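The next block holds one structure in the form of structure tokens; read it before the comments.
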Amino acid sequence: MEKKIRTIFLSDIHLGTRGCRADMLLEFLREYDAERIYLVGDIFDGWRLKRGWYWPQSHNDVVQKLLRKARKGTEIIYVPGNHDEVMRHYLGTHFGGIEVRNRDIHETADGRKLLVIHGDQFDMVVVNAKWLAHVGDVAYTVALAVNFWFNRVRRLWGGQYWSLSKWAKLRVKQAVSFIGAYESILVAEAAKAGVDGVVCGHIHHAALETTNGIQYVNTGDWVESCTAITEDFDGTLRLVDWSAVTRERAARHLPALPQPSPANSKEQKTAA
């Protein structure tokens, strides 16, 4: 059964890359039906597609699913990011019912106003040293490849998925400082705009918190975290960790380990 909600915020899907978890996003979109969907940037990855074309059927299925929702009446607003910055040439236009905007103000059901923006405009590396951002993107791609093979080995031994880059973001001092600075800048931008909060993406670090009376909301990504922000009909915002939901459901369906019979237990005690 589909869950009826008011709004979905998605970002950093990175269609066109091998790291994109399009299969998990499709499952999420099948389960949640919203009146409005915000695509908060980096929906497809123009940087990677320029280096080499990669577009499997599952990525096409995501696009078709969104277009189908638009045809059925869902309002879809596309706020481009830096990896899909080519869409900034089409601000104000519609593609199959999807409207492209540079930024937007979303009003929640309980009357709060949220600035919706990808956030790359406030990343000094992207703004002042784009070449360095591209180098970092290549390094991130290598890290994802290493992570892929590492997790294949872990699965052979029954281990859960582990994210190298996510671990690094939370452990490396410079990365933690960058995340904190990024959040502060976005909160300041929301205060400057005179709104109650900001919804963004870009740094692949999901968050739902309040700083200095301003709500900071980061949708995360669909490469590693597989997270989204949803709004209920009363205005409540929720952070949905779809990878955790998937793991929990898989664990529920695992067959129970066979219990040793009384006879076997007795034999083991005797042998001991």
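As the structure is a prediction and not an experimental result, all values here were calculated from the model.
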Check the side chains of [Y] and [X] for a donor-acceptor pair under 3.5 angstrom, ignoring hydrogens and angles.
X	Y	answer
H83	H202	no
R88	Y90	no
N60	S58	no

Rounded to the nearest 0.5 Å, what's the gap from [atom1] on [X] to [atom2] on [Y]? Could you check?
X	Y	atom1	atom2	result
D196	T108	CG	OG1	7.5 Å
E248	S243	CD	OG	11.5 Å
L10	L39	CG	CG	6.5 Å
N218	F9	CG	CZ	12.5 Å
I43	I98	CD1	CD1	9.5 Å
D221	I203	CG	CD1	10.5 Å

So that I can tick it off, tell me whether [Y] and [X] are bridged by a salt bridge, with the cut-off set at under 4.0 angstrom between side-chain N and carboxylate O.
X	Y	result
R21	E27	no
R6	D232	no
E107	K113	no
E31	K3	yes

Subject >> Residue pair H118, D42: steps toward the side chain to side chain donor-acceptor pair (under 3.5 Å) verdict >> reply: CA-CA 8 Å; H118 181 64; D42 289 358; 3.3 Å; yes

Does [X] share a hydrophobic cluster with [Y], counting links as ILVMFWY side-chain heavy atoms below 4.5 Å and allowing steps through other members?
X	Y	result
V116	V187	no
L239	F28	no
W55	M24	yes
V223	I13	no
M87	L49	yes

Does any part of the side chain of [Y], heavy atoms only, come nearer than 4.5 Å to the side chain of [X], both counted from C-beta?
X	Y	result
H59	F44	no
K65	V62	no
T74	E35	no
Y78	D84	yes
W47	H14	no
V199	T219	yes
D45	L15	no
V198	I117	yes

Restricting to non-hydrogen atoms, name the atom on [X] and the atom on [Y] that form the minimum distance, rounded to 0.1 Å.
X	Y	value
E2	D33	OE1-CB, 3.6 Å
C200	S11	O-OG, 4.5 Å
K69	L29	NZ-O, 3.1 Å
I214	G197	CG2-CA, 3.7 Å
D12	G220	OD2-O, 3.5 Å
Q121	N102	NE2-OD1, 4.4 Å

Subject >> Derivation and outcome, ring pair (Phe, Tyr, Trp, His ring centres under 6.0 Å), residues H205 and Y182 >> reply: CA-CA 11 Å; H205 184 72; Y182 179 82; over 10 Å; no

Original post:
Passes side-chain contact (heavy atoms from CB on, under 4.5 Å), V245 versus R249? Steps please.
Top reply: CA-CA 6 Å; V245 171; R249 289 178 178 176; 3.5 Å; yes

**OP:** Just do the side-chain contact (heavy atoms from CB on, under 4.5 Å) check on V240 and Y32 with the steps written out, would you?
**Re:** CA-CA 11 Å; V240 179; Y32 285 86; 4.1 Å; yes

**OP:** Before giving the answer on side-chain contact (heavy atoms from CB on, under 4.5 Å), spell out for V100 and F95 the whole-Å C-alpha distance, their side-chain angles and the decisive distance to 0.1 Å.
**Re:** CA-CA 8 Å; V100 185; F95 294 90; 3.9 Å; yes

Subject >> Greater than 12 external heavy atoms within 6.0 Å of R18's CZ >> reply: no

Original post:
Crowded around N212 CG? As in, over 12 foreign heavy atoms under 6.0 Å?
Top reply: no

Original post:
Given the rule in the ring pair (Phe, Tyr, Trp, His ring centres under 6.0 Å) test, do Y38 and H106 qualify, once you have shown the distances and angles that lead to the verdict?
Top reply: CA-CA 9 Å; Y38 277 99; H106 172 73; 5.4 Å; yes

Subject >> Trace of the salt bridge (Lys or Arg N to Asp or Glu O under 4.0 Å) decision for R112 with E231 >> reply: CA-CA 12 Å; R112 289 172 295 131; E231 180 198 358; over 6 Å; no

Original post:
For E85 and D120, what are the C-alpha separation, side-chain angles and deciding distance, and is it a side-chain contact (heavy atoms from CB on, under 4.5 Å)?
Top reply: CA-CA 10 Å; E85 60 190 347; D120 61 294; 5.8 Å; no

